[in-house]
Amino acid sequence: MTAINVNGRPQQVDADPATPLLYVLRDDLQLNGAKFGCGLGQCGACTVMVGGNAVLSCLTPLSVVGSRPVKTVEGLGTAGKPGVLQRAFIEEQAAQCGYCIAGMIMRAQALLEHKPSPTDAEIRQHMAINLCRCGTHMRILRAVRRAADGLQSAAATTGTPNGQRGA
Amino acid sequence: VLFILFVIVLLALAGFFALSVHRPIEQIAVPPASSFSRALVRQGALLAAAGDCASCHTTATGSAYAGGVALQTPFGTIYGTNITPEPQTGIGSWSEAAFRRAMREGISRDGQLLYPAFPYNHFTHLSDQDIDALYAFVMTRDPVVATAPANQLAFPLQFRPLVAGWNLLYLEPGPLPPQDQQSAEWNRGAYLVASAGHCAACHSPHNALGAESTTAFLGGGDAEGWHATALNTASPSPVHWTTDALALYLRTGIAADHAMAAGPMQGVVNNLAQADPADVQAIAVYIQSIMGPPSAEQQARETAARGKAAQDALAAVQPSSAGPAADEATLALGATVYAGSCAGCHDMGRQLSSNTALRLSLAVALHLPDPRNLIHIIRRGIQPPDGERGRWMPPFEGSLTDEELAALVVWLRRQGTDAPPWNDVARTVKETGNAS
C-alpha cells in the first residue's frame with residue numbers, strides 16, 4: 001500500500017509504485033476529472049497539482065509523488081458550489097467538448113496560487129503547455145483573466161489573501 | 001628612478017585616457033525608408049537573422065529590435081538596447097558612419113565605449129557592404145520609444161573607459177583575409193561564423209576578462225548558465241556530425257541523432273530559420289571542417305552509443321563502468337523516474353506528432369563536461385517557438401523534486417554514456433534551481 005494525500009484527504013492505495021498518478025486517481029480513487037489524452041505529456045489533459053505545482057499526471061509515477069499533496073479539479077469545488085476558476089470557466093463558457101478543461105483549470109489554479117495577479121502575457125505563457133482541440137483557447141484565457149480579477153477584488157473587499165474556496 | 005616611474009605611469013594614464021575618449025559623431029535627421037534600396041534592406045534582414053540580433057535586442061513580448069533583453073554575464077546583467085530608428089531612445093539619429101564605428105570599434109555615436117557583450121569584436125570583421133546592409137535594415141524598422149533598464153555590473157565595470165584596455169588587448173579590427181585554398185562556400189561560412197554569426201562568443205572558452213581563447217577556437221564555452229558545446233575537434237557528440245545534419249539542426253533546431261536546440265541556441269535557430277539557406281549551409285560546411293574527421297576514439301564512442309541506442313530500453317543497456325558508481329538507492333530512484341516520466345517517448349524513439357524523441361544515448365547533453373544543459377532541459381522542457389510545429393518536450397519543473405531530478409541525471413549519465421559520472425550533480429541541481 002502507498003500513502004497519498006489527495007484534496008486534503010490522506011489515503012492508502014494498493015497500486016504498483018510505478019503506476020502513473022493519473023491511473024491511481026482515476027482507477028483507484030474514482031477521481032475522473034483529470035483525463036487521459038495522449039499519455040506522453042504532449043497535451044495537458046491529465047494536469048493536476050502536486051506540491052503546489054501543475055504536473056502532467058500521466059508522466060508522474062506514484063512513487064515520485066511521495067508525501068507531496070495532490071490537488072485535482074474535484075478539490076476546487078462541486079457542481080453545486082463551484083470554485084472561483086470553475087465559476088469563471090462556466091461564466092465565459094470556456095468549454096466546448098470539455099475534455100481538456102479539468103487540466104486547463106488545474107494549470108491555471110497553480111498559476112493563481114503562485115501569482116494571484118498575472119499579466120495576460122504570463123497567463124498565455126503559463127497555459128501554453130495545455131492544448132484544446134476545439135479551439136476555445138481565447139475563452140479559456142478570458143476565464144483565467146476573469147478568475148484572477150475576481151480573486152483580486154475579493155481579496156480587496158474581504159482581506160483574504162487569495163479568496164480561494166473549496167477544499 | 002621614482003621620477004621616471006612616475007612619468008611612465010603618467011604617460012600610460014594619458015595614453016589610456018586618449019584611447020578611451022572618442023568624439024561624438026554629429027546627429028542626423030532620421031533617414032527616410034525610401035533612401036535605402038529594397039535589395040540592400042533584404043540583404044541586411046538576412047544578415048541580421050544570421051547574426052541572431054533579435055535574441056538580445058527583442059524581448060519575448062516586446063516590439064522588434066526595441067531592446068530590453070537581459071543578458072546574464074559573469075560580470076553582471078547587461079541589457080540589449082533599442083536599435084530601432086527612433087531618434088531619442090533608439091539609433092534614429094545615427095549616421096552610417098556612427099553605425100559603422102559602433103560595429104567596427106564598439107563606440108557609441110556619442111563617443112562612449114560599448115561593452116563587449118555587444119560582440120563588436122566579431123562584427124568588426126563584417127565587410128563595409130554588409131555593415132551598410134545592416135544599417136539599411138535597422139533604419140527601416142518601425143521606430144519604437146523604449147529605453148533599456150540600466151546595466152547591473154560588478155564594480156568597477158560601470159566605468160566604461162576600462163573597456164579601452166580590453167580593446168587594446170583583444171580587439172582586432174577590420175575584415176579578415178579569405179583563405180584561398182578553401183572553397184567559396186567554406187570561406188562564406190568562415191566569414192559568417194567570425195563576423196555576424198559571432199559563434200565563438202559562446203562556443204569558445206573565455207578568460208577571466210571575458211576574452212575568447214584564440215588557442216581553443218570553438219572549443220566549448222558558456223552561455224547564460226548553459227554549456228555551449230565544442231564545435232572543433234573536441235565535439236562531444238557521440239555521432240559524428242555531417243554537414244547536412246548540422247545545416248538541418250541550424251535551420252530547424254532538430255538533429256535526430258544528436259540534439260534538439262534548447263536554451264540560448266533556441267533563439268539562434270529561430271533566427272537562422274529566417275536567414276539565407278545558402279548561408280546556413282555555408283556555416284555548416286565550415287563548422288564541419290573545423291570539427292574535422294572523427295578520431296579513432298570518437299569512432300569508438302559512436303559505435304558504443306549506436307549500440308546502446310539500438311536497444312529497446314535504456315534500462316537494458318550495459319551501463320558505464322568508468323569512475324565510481326553512484327549508490328544503489330540513487331540509481332534505483334533514477335531508474336524509476338526514467339521509467340515513469342521519460343521512457344514513454346525516449347525508449348521507443350517513436351515518431352511523435354512533434355517529431356522523433358531522441359534516443360538518449362545519442363543525445364549530446366549526456367556527453368557534455370557538466371550536467372547543466374541536461375538539468376535545464378528536464379526542468380524547462382523544449383518548446384518550439386510560438387505557433388510553429390516542431391520539437392516538443394514537456395517541462396518537469398515542479399513535477400520532480402530536486403532529489404528525483406538529480407537521481408535521474410546521475411542514472412542517465414551512467415546508462416546513456418560510457419563516460420565517468422559527473423561531479424556534484426545534486427549541487428548543480430540546487431544551484432541551477434535557485435538561478436531559474
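Sequence lines set the chain letters: A, B, ... in the order given, protein chains first and strands last, and positions in each chain run from 1.
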Q) Salt bridge between A/R124 and A/D120, side-chain N to carboxylate O under 4.0 Å? A) no
Q) Heavy-atom distance under 4.5 Å to chain B: side chain of A/V50, backbone, both or neither? A) backbone
(Q) Less than 4.5 Å to any heavy atom of chain B: does that hold for the side chain of A/C38, its backbone, both, or neither? (A) neither
Q: Pick one of side chain, backbone, both or neither for A/A121, based on which atoms fall under 4.5 Å of a heavy atom in chain B.
A: side chain
Q: Using a strict cut-off of less than 4.0 Å between a Lys/Arg side-chain nitrogen and an Asp/Glu carboxylate oxygen, indicate whether B/E86 and B/R141 qualify as a salt bridge.
A: no
**Q.** Salt-bridge criterion met for A/R68 and B/E404 (N-O under 4.0 Å)
**A.** yes
Q. Does the pair B/R427/B/D402 count as a salt bridge with the N-to-O cut at 4.0 Å?
A. no
Q: Please flag which part of B/T336 lies under 4.5 Å from any non-hydrogen atom of chain A: side chain, backbone, both or neither.
A: both
